[in-house]
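Read through the structure below, which is laid out as structure tokens, and then see the notes.
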Number of protein chains: 2
Amino acid sequence: MTADHVFTALASPARRELLRLLLDEGAQPAGRLAERFDMSRPSVSEHLKVLKDAGLVAESRRGRERHYRLEAAPLMDLRDWLSPYEHFWRDRLARLSDLMDEMEDDDA
Amino acid sequence: MTADHVFTALASPARRELLRLLLDEGAQPAGRLAERFDMSRPSVSEHLKVLKDAGLVAESRRGRERHYRLEAAPLMDLRDWLSPYEHFWRDRLARLSDLMDEMEDDDA
DNA sequence: TTGATGAGTAGGAAATTTCCTACATATAGT
DNA sequence: ACTATATGTAGGAAATTTCCTACTCATCAA
């Protein structure tokens with residue numbers, strides 16, 4: 001459930017693909033998700049566990065199926081982590097823009 | 001330089017700490033960065049290499065020192081990756097808000 | 001109650017990551 | 001030229017991750 005869990009969970013392409021499927025197609029049982037992968041069903045199950053431990057998916061049992069759904073909240077924490085870097089980026093762009101303005105002045 | 005490299009680079013706490021140092025304190029030589037860590041200098045050097053391969057830092061040689069600076073551009077790609085999940089999140093909040101409005105109507 | 005189905009767990013092999021201690025390379029100062 | 005400094009690279013040990021094949025557990029359907 002920590003930030004570290006989230007970064008670790010996102011490091012795997014398979015797990016990012018799982019999130020994408022849940023985003024685009026909504027909640028689904030584990031087996032239906034596993035069909036989409038070239039890997040064995042138990043492996044997908046373990047990836048789902050990593051995502052669950054990171055709080056990125058939640059499961060609800062329906063009969064013998066387990067439906068997994070996307071939980072976006074931890075990704076909003078990631079957005080917060082990102083925001084100071086975004087400011088840094090914006091400042092850099094602004095400075096670049098100022099510089100280009102000065103160059104235009106020189107031309108004139 | 002791919003998205004995969006970026007996610008992988010961010011998976012390590014040491015590498016995230018390096019990015020934070022470069023953000024908060026600006027460009028620095030490798031040695032000064034390494035001082036801040038409990039790990040050996042060569043290990044920090046390898047982490048810097050992973051960050052460089054992901055395009056998250058750039059180096060410039062000054063005499064025998066190598067100054068590393070933050071490159072935020074790949075993080076902006078990460079923000080783009082994040083945005084559909086942010087929409088998902090907003091929609092969910094909006095629906096929750098509607099639901100609460102309905103409950104108020106029921107009370108009245 | 002029995003057989004089939006959906007899905008997690010166990011145990012382990014292979015690959016990858018992390019970290020270390022030498023060592024190599026390049027530059028600065030004397 | 002010689003020494004010290006800043007830093008990357010090599011090679012390898014230990015830990016972790018990934019993925020597999022059995023196997024177990026729970027539920028559904030007859």
Side-chain angles (χ1 to χ4, degrees), chain A residues 1-22 25-71 74, chain B residues 1-22 25-71 74:
Chain A
M1 288 267 253
T2 69
D4 204 86
H5 287 354
V6 175
F7 280 109
T8 299
L10 294 180
S12 150
R15 289 193 290 265
R16 291 199 301 277
E17 177 67 9
L18 280 168
L19 293 181
R20 192 193 64 78
L21 286 170
L22 293 177
E25 309 178 357
Q28 296 176 50
R32 188 131 57 90
L33 289 165
E35 283 172 7
R36 309 296 209 81
F37 290 82
D38 277 343
M39 87 185 62
S40 73
R41 191 192 48 69
S43 295
V44 174
S45 183
E46 281 176 9
H47 281 303
L48 283 168
K49 186 181 181 180
V50 173
L51 289 171
K52 198 175 70 175
D53 291 346
L56 286 164
V57 304
E59 71 178 23
S60 54
R61 307 185 179 201
R62 296 198 192 174
R64 56 188 157 181
E65 294 182 341
R66 298 201 190 179
H67 281 63
Y68 284 88
R69 65 171 181 280
L70 179 63
E71 285 287 334
Chain B
M1 288 267 251
T2 69
D4 205 83
H5 287 356
V6 176
F7 280 110
T8 299
L10 294 180
S12 149
R15 289 192 291 265
R16 291 199 302 277
E17 178 68 7
L18 280 168
L19 293 180
R20 191 193 65 76
L21 285 170
L22 293 176
E25 310 177 356
Q28 297 175 52
R32 189 131 56 90
L33 288 166
E35 284 172 5
R36 310 295 210 80
F37 290 81
D38 278 342
M39 84 184 64
S40 75
R41 191 194 47 71
S43 295
V44 174
S45 182
E46 282 176 7
H47 281 303
L48 283 168
K49 185 181 183 181
V50 173
L51 289 171
K52 197 175 71 175
D53 291 345
L56 287 163
V57 305
E59 71 178 23
S60 55
R61 306 182 181 204
R62 299 198 189 175
R64 58 188 156 183
E65 295 183 340
R66 298 201 189 177
H67 282 61
Y68 285 89
R69 67 172 180 281
L70 180 63
E71 284 288 334

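A note on names: the letters A, B, ... follow the listed sequences, proteins ahead of strands, and every chain is numbered from 1.
- At a threshold of 4.0 angstrom between heavy atoms, the contacts of B:F37 with the nucleic acid are absent.
- When rounded to the nearest whole Å, the span between CG of A:D53 and P of C:dG8 equals 13 Å.
- B:R69 contributes no side-chain N or O that, together with a main-chain N or O of B:S60, makes up a donor-acceptor pair within less than 3.5 Å.
- Between the CG atom of A:L51 and the P atom of D:dT18 there is a distance of 11 Å, rounded to whole Å.
- Between the C1' atom of C:dA7 and the CD atom of A:E46 lies a distance of 12 Å, rounded to the nearest Å.
- Applying the 4.0 Å criterion to OP1 and OP2 of C:dA7, one finds that A:S45 has every side-chain N and O outside that range.
- Residue order along DNA chain D, read from the 5' end via each residue's closest nucleotide, puts A:T8 first among A:M39 and A:T8.
- Between the side chain of A:R62 and the backbone N or O of A:P29, no donor-acceptor pair lies under 3.5 Å.
- Residue contacts shown for A:R15 are limited to sugar-phosphate atoms, with no base heavy atom under 4.0 Å away.
- In this entry the distance linking CG of A:L48 with C1' of C:dA7 reads 10 Å, nearest Å.
- Between D:dC19, C:dA7, C:dC20, one nucleotide has an atom nearer to the side chain of B:S43 than all others, and that is C:dC20.
- Between the side chain of B:R41 and the main chain of B:A34, no donor-acceptor pair closer than 3.5 Å is present.
- No salt bridge links A:E25 with A:R32; every basic N to acidic carboxylate O contact stays at or beyond 4.0 Å.
- OP1 and OP2 of C:dG6 both lie 4.0 Å or more from every side-chain N or O belonging to A:H67.
- Within 3.5 Å, no donor on the side chain of B:R64 pairs with an acceptor on the base of D:dT7, nor the reverse.
- Between B:E65 atom CD and C:dT25 atom P there is a gap of 21 Å when expressed in whole angstrom units.
- Among D:dG8, D:dC19, C:dA7, the nucleotide with an atom closest to any side-chain atom of B:E59 is D:dG8.
- Side-chain proximity of B:S40 to C:dA7, C:dC20, D:dC19: nearest is C:dC20.
- C:dT18 atom C1' lies 14 Å from atom NZ of B:K49, rounded to whole Å.
- Looking at B:K49 and B:E46, no side-chain N of the basic residue comes within less than 4.0 Å of a carboxylate O on the acidic one, giving no salt bridge.
- Panel note: side chain A:R16, backbone A:L10; a donor-acceptor pair is recorded below 3.5 Å.
- Summarising the geometry, the separation between CZ on B:R61 and C1' on C:dT27 is reported as 11 Å, rounded to the nearest angstrom.
- As judged by a 4.0 angstrom heavy-atom cut-off over every strand, A:R62 is placed among residues making no nucleic acid contact.
- Contact annotation: side chain of A:R41 to base of C:dG8, donor-acceptor pair present below 3.5 Å.
- In this structure, the nucleotide among D:dT7, C:dG8, C:dC19 sitting nearest to the side chain of A:Y68 is C:dG8.
- Nucleic acid contact for B:P42: base, since at least one base atom lies under 4.0 Å from a heavy atom of the residue.
- The distance between atom NZ of B:K52 and atom C1' of D:dT7, rounded to the nearest whole Å, is 11 Å.
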